[in-house]
Amino acid sequence: VEGTDHLYVADTFNHRIVKRGVNNAYEGQWGTQGGGNGQFNTPRGVAVDSSGHVYVADTFNSRIQKFTTSGAYVSQWYAPSPWAVAVDASGNVYVAEPGRIEKFTSTGTPVLTWGSEPGRGQLQDPRGVTVDASGDVYVADYYNGLKKFTSEGAFLTSWTPAVGQASGVAVDAAGNVYATLNNTWLQGGPGYESDDGRVQRFTPALVPTISVAATADETSVAAGDTVHLHVKVTNTGNVPLTDVTITDANATGCETAPFSLAIGADVTVDCTHVATPEDIPTYTNSASVVATQIPTPVVSDPVHVTVVGS
């Protein structure tokens, strides 16, 4: 998908890419069967970057081909039997290859691979790959369900659909994950794939998190001077927070009445402390925050201000 206006389809067995617009209006196509520039042999994946380039997983030609959005050939590079392709916001290209994911630059320079090492992140038959807004990579590993990694290939989590094998994956802006699932009929023999597939949506886990950062305008003051402090609270999770309360016993004005904080929102509270001789040689301050959804206090890193005699 290119923005909200254009859809590119890998028409696998017709060996072409089809471009469609608003209301599924036909806007063109390119490709014929073959091994030349701009030709395809069973293309199975397509992705578009923010610069308007189209990447095609040309499966049985063992390559990734890069085009303009009008289908003009740009370049290509080797990738063994690629089944799917995705692009992140920085232009990095992720390719689902047999038993692994390979990451390339936008010009085809290999960056890293992962999935072949034993462990929870090992991949058997990856057939789908996508990247979310945070840069995390989701893989549809056909016989092992869905797996999530960082952009550097570190395993994060996995889950298995109740029925069917995952052959494709996508994620929306809200973090919902969509998987295309094929059913396997045992009556048809091992590996027989039925046509009664489906798309299943998985909602993201609701995780309330918050960050607290304390800063000071001054690095050094004399006893009797005022230290100007700022406490910034940010909702870093995916749950709206209620009854958020800031507590700071060693400053004036930091403590607040309970307030709400939307997802991604932040609040900065300004407060002060008048340095005393007891603060010499260093005044140290931290703020703590709780919310209904986060009852355990989250404490900021301490602020240190040097205090000298007046």
Check Thr226, Asp279, Thr252 against His273 for a side-chain hydrogen bond (donor to acceptor under 3.5 Å, both in side chains) and give me the one that passes.
Asp279

Residues which pass side chain to side chain contact (heavy atoms under 4.5 Å, CB included) with Thr219, listed by chain and number, not counting sequence neighbours:
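Thr219 satisfies side chain to side chain contact (heavy atoms under 4.5 Å, CB included) with no other residue.
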
Only counting residues at least two apart or in another chain, list the ones meeting side chain to side chain contact (heavy atoms under 4.5 Å, CB included) with Asp11.
Asn14, Arg16, Val18

Shared-cluster residues of [X], by chain and number - hydrophobic side chains joined below 4.5 Å:
| X | answer |
| --- | --- |
| Leu123 | Tyr94, Ile101, Val111, Leu112, Trp114, Val129, Val131, Val137, Val139, Phe149, Phe155 |
| Val267 | Ile210, Val212, Val231, Val233, Leu241, Val244, Ile246, Phe259, Leu261, Val269, Val289, Ile294, Val298 |
| Val87 | Tyr55, Ile64, Trp77, Val85, Val93, Val95, Phe104 |

Qualifying residues under side-chain hydrogen bond (donor to acceptor under 3.5 Å, both in side chains), relative to [X], sequence neighbours excluded:
| X | value |
| --- | --- |
| Ser70 | Thr68 |
| Tyr78 | none |
| Thr272 | none |
| Thr236 | Thr209 |

If we count only N and O atoms by modelled type, under 3.5 Å, do the side chains of Gln293 and Thr242 hold a donor and an acceptor together?
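Yes - a donor-acceptor pair under 3.5 Å links their side chains.
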
Selection residues 15-76 - residue pairs positive for disulfide (SG to SG under 2.5 Å), sequence neighbours left out:
none

Report the C-alpha distance between Glu27 and His6 in whole Å, list the side-chain angles of each, state the deciding distance to 0.1 Å, and finish with yes or no for side-chain contact (heavy atoms from CB on, under 4.5 Å).
CA-CA 9 Å; Glu27 293 191 349; His6 302 289; 2.8 Å; yes

Can you give each donor-acceptor pair under 3.5 Å made by side-chain atoms of residues 32-40, sequence neighbours left out, with the distance rounded to 0.1 Å?
| residue | atom | partner | partner atom | Å |
| --- | --- | --- | --- | --- |
| Thr32 | OG1 | Gln39 | NE2 | 3.2 |
| Asn37 | OD1 | Gln76 | NE2 | 2.7 |
| Gln39 | OE1 | Gly35 | N | 3.4 |
| Gln39 | OE1 | Gly36 | N | 2.9 |
| Gln39 | NE2 | Gln33 | O | 3.4 |

Pairs flagged by salt bridge (Lys or Arg N to Asp or Glu O under 4.0 Å) wherever residues 220-246 is involved - sequence neighbours left out
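Every pair satisfying salt bridge (Lys or Arg N to Asp or Glu O under 4.0 Å) with a residue in residues 220-246: there are none.
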
